[in-house]
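All remarks here apply to the structure that follows.
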Amino acid sequence: MAHTIFPELFTNCWPKAYFCYDIRRMCSLYSECIIKPFENPEKSADAIKEKVLQNPSEYLGDTLDGDYGSIAEEYAFCEYGIIKDMQYRTRLLWICCIFEMWEQNLSCHILQDLCNSQFPITENQKNNLFNGFDTFKHLFSSEMFDRTDDKCILTDFPKYKELQELHLLVNAIKHGRGSSLERLYKYFEKYNAGKEKVFKLYDGATLYTPTLNITDDDFCRFCNVLTDFWDWIPVHIVITNIGAFKEKVLNRKHRRSGQNEV
């Protein structure tokens with residue numbers, strides 16, 4: 001009888017401690033450095049207004065006729081909007097960054113363990129391991145651990161709901177108006193910034209104008225969720241249902257962007 005090589009994932013060989021440190025350090029750098037230029041839009045607006053009034057030729061060129069005060073107010077209004085939008089966009093981009101970094105790190109090390117155990121795997125199957133959160137839901141499901149008490153079930157992770165929330169939020173940020181944003185509002189209505197918008201044209205353009213209720217505390221909270229995941233995942237994982245592993249993970253046909261998945 002041929003010997004079956006079970007996919008063994010040795011998470012004690014993964015740099016879990018470094019992953020946690022990396023995320024925590026990113027969180028502290030975000031607070032210490034990244035958000036500083038955008039933390040006070042009112043102050044930035046007042047500063048550029050003062051510059052226009054003190055040196056109008058620098059901003060108006062040779063056209064020095066007119067009401068300098070009104071022109072300075074226009075510059076201030078524009079500056080306030082830009083800084084406010086950049087504050088919002090920076091939050092969204094960093095939230096996307098930490099989540100996709102987590103996804104790619106996890107996929108990379110799963111693939112490395114499969115190769116180390118000489119588990120036969122094609123290039124297309126390797127690519128399927130990099131389909132993100134959808135892959136992990138199937139890989140770390142009860143179906144993969146038949147005939148064993150040693151299971152690693154993603155839904156057992158104490159902060160699974162927040163991990164799911166982060167996944168839906170990142171999809172909505174990337175895709176904007178459409179099913180991703182609708183599903184986010186359906187399950188997490190708190191992110192809806194309101195249906196009454198001044199600029200209807202940009203409704204749902206999540207990266208252009210504040211469409212989502214996001215705070216800096218959300219970024220820090222999600223950093224804690226991901227570090228808690230690395231602390232939680234077992235040291236040694238053995239997948240025993242090879243058929244399900246191949247069908248549901250390695251050979252799985254994925255929907256575009258996983259937008260219809262929760």
Legend entry - Worked verdict on Asn105 versus Trp14 for side-chain hydrogen bond (donor to acceptor under 3.5 Å, both in side chains): CA-CA 9 Å; Asn105 281 344; Trp14 304 354; over 6 Å; no
Inset, instruction - Please work out whether the ring planes of Phe136 and Trp102 are parallel, tilted or perpendicular, with thresholds of 30° and 60°. - result: perpendicular
Inset, instruction - Drop me the distance from Ser31's OG to Met26's CE, to the nearest 0.5 angstrom. - result: 11.5 Å
Inset, instruction - For Asn40, check side-chain hydrogen bond (donor to acceptor under 3.5 Å, both in side chains) against everything at least two apart and list the hits. - result: none
Inset, instruction - For the pair Phe219 and Tyr30, name the ring-plane relationship: parallel under 30°, tilted 30 to 60°, perpendicular over 60°. - result: tilted
Legend entry - Side chain proximity check, Tyr88 to Leu212, heavy atoms < 4.5 angstrom: yes
Legend entry - Atom NZ of Lys51 with >12 non-hydrogen neighbours under 6.0 angstrom: no
Inset, instruction - Indicate, with yes or no, if Phe77 and Leu53 share a hydrophobic cluster defined by side-chain heavy-atom contacts under 4.5 Å among Ile, Leu, Val, Met, Phe, Trp and Tyr. - result: no
Legend entry - Taking every non-hydrogen atom, the tightest pair across Leu154 and Phe229: CD1-CE1, 3.8 Å
Inset, instruction - Go through Cys223 and Ile98 one step at a time and tell me if the side chain to side chain contact (heavy atoms under 4.5 Å, CB included) criterion holds. - result: CA-CA 7 Å; Cys223 284; Ile98 59 165; 3.8 Å; yes
Legend entry - Spatial distance of atom CZ (Arg221) from atom CG (Leu166) [nearest 0.5 Å]: 8.5 Å
Legend entry - Full working for side-chain hydrogen bond (donor to acceptor under 3.5 Å, both in side chains) between Glu123 and Asn127: CA-CA 6 Å; Glu123 287 301 313; Asn127 292 338; 5.7 Å; no
Legend entry - Stepwise side chain to side chain contact (heavy atoms under 4.5 Å, CB included) check, Cys152 with Met144: CA-CA 9 Å; Cys152 179; Met144 301 295 158; over 6 Å; no
Legend entry - same_hphob_cluster(Ile83, Ile35) at 4.5 Å side-chain heavy-atom cutoff: no
Legend entry - Where Ile48 and Ala76 come nearest, the two heavy atoms and their spacing: CG2-CA, 3.8 Å
Inset, instruction - May I ask you to decide if Asp146's main-chain N or O and Asn241's side chain share a donor-acceptor pair within less than 3.5 Å? - result: no
Inset, instruction - Report yes if the side chains of Glu143 and His138 come closer than 4.5 Å at any heavy-atom pair, otherwise no. - result: no
Legend entry - Centroid-centroid distance, Phe119 to Phe245, less than 6.0 Å: yes
Legend entry - Test item: Leu250 and Leu129 side chains (from C-beta on) under 4.5 Å apart, heavy atoms: yes
Legend entry - Salt-bridge criterion met for Arg252 and Glu247 (N-O under 4.0 Å): no
Inset, instruction - Report whether Leu93 and Ile82 are members of the same hydrophobic cluster (ILVMFWY, side-chain heavy atoms less than 4.5 Å apart, transitive linking). - result: no
Legend entry - side chain to side chain contact (heavy atoms under 4.5 Å, CB included) evaluation trace for Glu182 with Lys186: CA-CA 6 Å; Glu182 290 166 5; Lys186 177 181 178 181; over 6 Å; no
Inset, instruction - Find out if a path of hydrophobic residues (ILVMFWY) with successive side-chain heavy-atom gaps under 4.5 Å connects Leu9 to Val238. - result: yes
Inset, instruction - Find out whether Asn128 and Val249 are in side-chain contact, i.e. whether some heavy atom of one side chain is under 4.5 Å from a heavy atom of the other. - result: no
Legend entry - Pairs meeting criterion ring-ring contact (aromatic ring centres under 6.0 Å, His included) with involvement of residues 34-53, two or more places apart: none
Inset, instruction - Please determine if Glu100 and Lys174 form a salt bridge, counting it only when a charged side-chain N lies under 4.0 Å from a carboxylate O. - result: yes
Legend entry - Nearest non-hydrogen partners of Cys115 and Lys126, listed with the distance: SG-CE, 4.4 Å
Legend entry - Between CG on residue Leu29 and CH2 on residue Trp94, distance to nearest 0.5 Å: 6.5 Å
Legend entry - Glu189 atom CD, over 12 foreign heavy atoms within 6.0 Å: no
Legend entry - Sequence-distant partners of Lys190, salt bridge (Lys or Arg N to Asp or Glu O under 4.0 Å), two or more places apart: Glu165
Inset, instruction - Return yes if some donor-acceptor pair links the side-chain N/O of Thr227 with the main-chain N/O of Asn224 below 3.5 Å, else return no. - result: yes
Legend entry - Ser180 side-chain N/O to Ala172 backbone N/O, donor-acceptor pair under 3.5 Å: no
Legend entry - Arg24 CZ to Cys220 SG distance, which is reported to the nearest 0.5 Å: 13.0 Å
Legend entry - Between OG on residue Ser141 and NZ on residue Lys151, distance to nearest 0.5 Å: 10.0 Å
Legend entry - Joint hydrophobic cluster, Ile233 plus Phe145, side-chain heavy atoms closer than 4.5 Å: yes
Legend entry - Side-chain touch Ile237/Phe140, heavy atoms, less than 4.5 angstrom: yes
Inset, instruction - Can you see which heavy atom on Pro210 is nearest to which on Ala193, and at what distance? - result: O-CB, 4.2 Å
Inset, instruction - Identify the two heavy atoms, one from Phe157 and one from Val225, that lie closest to each other, and give their separation to 0.1 Å. - result: CZ-O, 3.5 Å
Inset, instruction - Give a yes-or-no answer on whether the side chains of Asn251 and Gln125 include a donor-acceptor pair shorter than 3.5 Å. - result: yes
Legend entry - Ring center gap for Phe99 and Phe222 short of 6.0 angstrom: no
Inset, instruction - Please name the pair of heavy atoms, one in Phe19 and one in His109, separated by the smallest distance, quoted to 0.1 Å. - result: CZ-CE1, 3.3 Å
Inset, instruction - Measure the shortest side-chain to side-chain distance between Arg91 and Asp218 over non-hydrogen atoms and say whether it is less than 4.5 angstrom. - result: no
Inset, instruction - I would like to know whether Glu32 and Arg25 meet salt bridge (Lys or Arg N to Asp or Glu O under 4.0 Å); could you show each step before the answer? - result: CA-CA 10 Å; Glu32 295 166 9; Arg25 185 60 182 134; 3.7 Å; yes
Inset, instruction - For Lys49 and Tyr75, run side chain to side chain contact (heavy atoms under 4.5 Å, CB included): C-alpha distance rounded to whole Å, both residues' side-chain angles, the deciding distance at 0.1 Å, then the answer. - result: CA-CA 6 Å; Lys49 177 181 177 181; Tyr75 269 94; over 6 Å; no
Legend entry - Euclidean distance, Leu92 CG relative to Ile214 CD1, rounded to 0.5 Å: 5.5 Å
Legend entry - Side-chain heavy atoms of His175 within contact of Leu181, under 4.5 Å: no
Inset, instruction - Decide yes or no for Phe133 and Glu103: does some side-chain heavy atom of the first lie under 4.5 Å from some side-chain heavy atom of the second? - result: yes
Legend entry - is_close_aromatic(Trp230, Tyr21), centroid dist under 6.0 Å: no
